[in-house]
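All remarks here apply to the structure that follows.
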Amino acid sequence: MHLLPTSSPPSLVRLLVSALISPSSSLLRPLQPPISLLSRRPLTASTLPMPDGDDSLLRKALADKLATIQAQANAVRQLKASGAPKSDIDAAVQSLNALKLDKASLETQFLQSATNNRDAFRQALVNTLERRLFYMPSFKIYRGVAGLYDYGPPGCAVKSNVLAFWRQHFVLEENMLEVDCPCVTPEIVLKASGHVEKFTDLMVKDEKTGTCYRADHLLKDYCKDKLEKDLTITAEKAAELKHVLALLDDLSAEKLGAKIKEYGITAPDTKNHLSDPYPFNLMFQTSIGPSGLSPGYMRPETAQGIFVNFKDLYYYNGNKLPFAAAQIGQAFRNEISPRQGLLRVREFTLAEIEHFVDPQDKSHPKFSEIASLEFLMFPREGQMSGQSAERLQIGEAVARGIVNNETLGYFIGRVYLFLTRLGIDKERLRFRQHLANEMAHYAADCWDAEIECSYGWIECVGIADRSAYDLCAHSDKSGVALVAQEKYSEPREVEKLVIAPVKKELGLAFKGNQKMVTEALEVMDEKVALQMKADLESKGEVEFYICSLGKNVTVKKNMVSISKEKKKEHQRVFTPSVIEPSFGIGRIIYCLFEHAFYTRPSKAGDEQLNVFRFPPLVAPIKCTVFPLVQNQQYEEVAKFISKSLTAAGISHKIDITGTSIGKRYARTDELGVPFAVTVDSTSSVTIRERDSKDQIRVNVENVAAVVKEVTDGQSTWDDILKAYPLHSSGSVDEE
Ligand code: AMP
């Protein structure tokens, strides 16, 4: 969810999907430099200095060096002024030059550590991903459209593996109810949810050219650039910029505009002045049917489809809480300035869970199963006071009230397990709590699973306790009560608001609309009802807005009786709270690519070879089969192995080209294939593991069973190594 309070009315800009896709004119992506121009050192994401990394030591060393240079320059000046011997002056100048050289090398180190390694790594990665068709810009032959991407064959396989595991880990293990709702959504639904009014980002415009930019991105880029490239800023200024970065999501339109002015930020392309920030609605508008009279939007999230089906799903679940519904599907957001590849796009796959729970009991029966998990958490207070994320046990975080309740904590733990099992590096994953302004006013607590990549810490999963907001909003707008009941074992005496519409009078007054008015009266909340009672008593009639009719009606005193009565109740009726984990699948996949990618030197040492260390669960193809040389016997064996792999349900690829075995290994390492079977005899073959390059010898009949055991996760490669003889490379050459 993405609804933040805005201080000014939403933009009236409404773009027809078919008419215009980008609010700015930048449709083209820059070309990546060829890989040969990139660093020849091995690259790995985990060792890269990251943009948010701590550069304070380097900064301090530079500041110290500058002070020493200053002192030495003064000493030289004094020696010259006092007419000291030439040899003394020369020696002092020599020391000064040596200090300047040291400073230059520190500066290079600083600049390289901050940006160069990171850029080289990312370019090598993106080149590989696009060349091997993991993903590529959509509509490329027409020069592409910013923020739209296609997944090619290995990308599709990775995506479907991630989604299959998501279904297994959440839908299956937690008994969730999966639904599949349309992308095209009528306006009334998104009016009720608040998206029509508030689904906005703050935008600034180049005052001369009209080019649009996201206001917070400009401020973020300015701060990061200064921190990474400007060696003249003081430690205090660096701390201030870091503070702005930490609080960026918390800034109102006014504060954002003030900072942009204070730092003198101008349009990046033209250096022209920028307008004040104003909200731009991110939804793609369309109309349903040919008349143009029924406005709709492409859904910006899948959650609303679940909320509007709550009543039926609750019934399907035997009228019992808690339960969760889940949906995987496309979401559409007309991002102001899409960038960073798959991280900010205009159409993407979301996987969302809505877990409905009694607001008076947010305990979770399986909490103890994850309570001892320990990982990086970044509570609100820590962010505000400039501390770093800390390692916390989730059980302790809930017990200390850092995380609002057990169910929210349970999902944080489950998301941690999901991401790390996919192959996300646990040292580069943290759970960050939303700051006060970042969180919608109705939310009880929100945490983002953020993954660190070459772009910094990226929100990949949002986990929010949204209280009863969504169901109440749809109850109000639709007039259908989206509520749950708790049956009491013994009747209880309670003071109750009783709203009794007088159907005869309502029928006479509203005829065909009587049902809508009756329902709207019945679902009034207590505050509204008591106000109506007071108004009816003092004025005799009151204007009442009926959402389902879209207009006010006049309700008179004889049409409804509102009272507070002591009653025996057999059940409690309430609106459930909802806890919503929302997964951006494309973002998770991109971060997986970064965490899995590395390069290693070829055997001859003349080039760097690319490898994805995907766990078997994620790998697009689990296994390749290579006859060592082209001959009919080996090809027969390869075909037999291929058949047995198919029967075992293992995705694989045969490569019978005459290319050297080393080249064939390199080709599949670049696709992240974890195991390669090489047929070098008719009775037994070798199986090679991608990262260690270890090979074992296995009888032809056993190959499928061994590969299945290790790809299904029943055994590790280390277990397999103990059970089968190691093959020391002889006939089967490495690259
Ligand atoms: P939100 O509803 O804004 O919290 O978004 C839910 C999740 O969708 C986020 O955690 C992101 O992973 C993902 N997401 C949001 N916007 C985009 C986008 N423009 N491109 C790709 N993923 C996105």
Side-chain angles (χ1 to χ4, degrees), residues 21 27-35 38 45 121-166 328-332 338-351 422-423 453-455 460 583-599 609-625 650-655 657 659 663-676 690:
I21 298 209
L27 295 179
L28 283 179
R29 304 178 61 260
L31 286 172
Q32 303 290 352
I35 196 157
L38 300 171
F121 170 81
R122 191 189 301 143
Q123 273 164 12
L125 168 75
V126 171
N127 278 342
T128 310
L129 290 169
E130 293 196 6
R131 186 165 42 77
R132 300 311 305 266
L133 300 192
F134 278 89
Y135 70 85
M136 52 274 184
S138 303
F139 316 113
K140 204 163 68 177
I141 62 167
Y142 292 103
R143 307 179 73 202
V145 177
L148 296 179
Y149 286 91
D150 297 338
Y151 286 93
C156 277
V158 168
K159 185 175 169 189
S160 83
N161 292 339
V162 168
L163 291 177
F165 182 54
W166 192 87
I328 296 172
Q330 293 304 88
F332 304 81
R339 55 188 203 167
Q340 304 176 332
L342 293 184
L343 295 185
R344 185 164 301 284
V345 290
R346 290 181 165 139
E347 177 179 345
F348 54 96
T349 304
L350 268 180
L422 279 182
C453 70
S454 63
Y455 293 106
C460 291
F583 299 70
I585 297 299
R587 287 194 182 178
I588 294 172
I589 289 176
Y590 178 77
C591 292
L592 264 177
F593 289 152
E594 278 217 1
H595 289 199
F597 184 71
Y598 66 100
T599 62
L609 303 174
N610 305 316
V611 189
F612 283 105
R613 62 164 91 75
F614 295 130
L617 179 73
V618 167
I621 302 166
K622 311 299 176 208
C623 180
T624 43
V625 186
I650 297 165
S651 61
H652 63 281
K653 202 173 157 179
I654 291 198
D655 185 347
T657 54
T659 326
K663 285 222 165 68
R664 282 186 276 174
Y665 282 150
R667 266 199 316 237
T668 60
D669 288 347
E670 206 176 49
L671 286 174
V673 181
F675 304 105
R690 177 196 56 213

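The analysis underlying the following values was restricted to heavy atoms, covering all of them including side chains, and did not include hydrogens, waters or symmetry mates.
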Look at the aromatic rings of Phe134 and Phe612 and report parallel, tilted or perpendicular, splitting at 30° and 60°.
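The arrangement is tilted - the two ring planes meet at 30° to 60°.
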
Specify whether Tyr590 and Tyr135 have parallel, tilted or perpendicular ring planes, treating 30° as the upper limit for parallel and 60° as the lower limit for perpendicular.
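Because their plane-to-plane angle is over 60°, the rings of Tyr590 and Tyr135 count as perpendicular.
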
Is the backbone N or O of [Y] less than 3.5 Å from a side-chain atom of [X], with the two atoms forming a donor-acceptor pair by type?
X	Y	value
Arg346	Ala146	yes
Arg690	Phe614	yes
Arg613	His595	yes
Ser651	Lys622	yes
Glu347	Gln330	no
Arg587	Leu343	yes

Glu130 versus Pro137: any side-chain heavy-atom pair under 4.5 Å?
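Result yes, sub-4.5 Å side-chain heavy-atom pair found.
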
Is there side-chain contact between Lys653 and Thr668, with at least one heavy-atom pair below 4.5 Å?
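No. Closest side-chain heavy atoms not under 4.5 Å.
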
[X] and [Y]: which non-hydrogen atoms are nearest, and at how many Å?
X	Y	answer
Cys460	Ile588	CB-CG1, 3.9 Å
Phe675	Pro616	CE1-CG, 4.3 Å
Leu133	Pro154	O-CD, 3.4 Å
Ile650	Cys623	CG2-CB, 4.5 Å
Gly147	Pro338	CA-CB, 3.6 Å
Leu617	Asn161	O-CB, 3.4 Å

From Thr599, Leu671, Asn610, residue fulfilling side-chain contact (heavy atoms from CB on, under 4.5 Å) relative to Thr128:
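For Thr128, the side-chain contact (heavy atoms from CB on, under 4.5 Å) test succeeds with only one of Thr599, Leu671, Asn610, which is Asn610.
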
Rounded distance [0.5 Å steps], [atom1] in [X] versus [atom2] in [Y]:
X	Y	atom1	atom2	answer
Leu350	Ile585	CG	CD1	8.0 Å
Tyr151	Leu342	OH	CG	5.0 Å
Thr624	Arg667	OG1	CZ	10.0 Å

Test side chain to side chain contact (heavy atoms under 4.5 Å, CB included) applied to Leu422 and Val162, step by step
CA-CA 7 Å; Leu422 279 182; Val162 168; 4.1 Å; yes

Salt bridge (Lys or Arg N to Asp or Glu O under 4.0 Å) partners of Arg664, counting only residues at least two apart:
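Arg664 satisfies salt bridge (Lys or Arg N to Asp or Glu O under 4.0 Å) with no other residue.
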
Does NZ or CZ of Arg122 come closer than 6.0 Å to the centre of the six-membered ring of Tyr455, within 45° of the ring's axis?
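Checked: cation-pi criterion met.
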
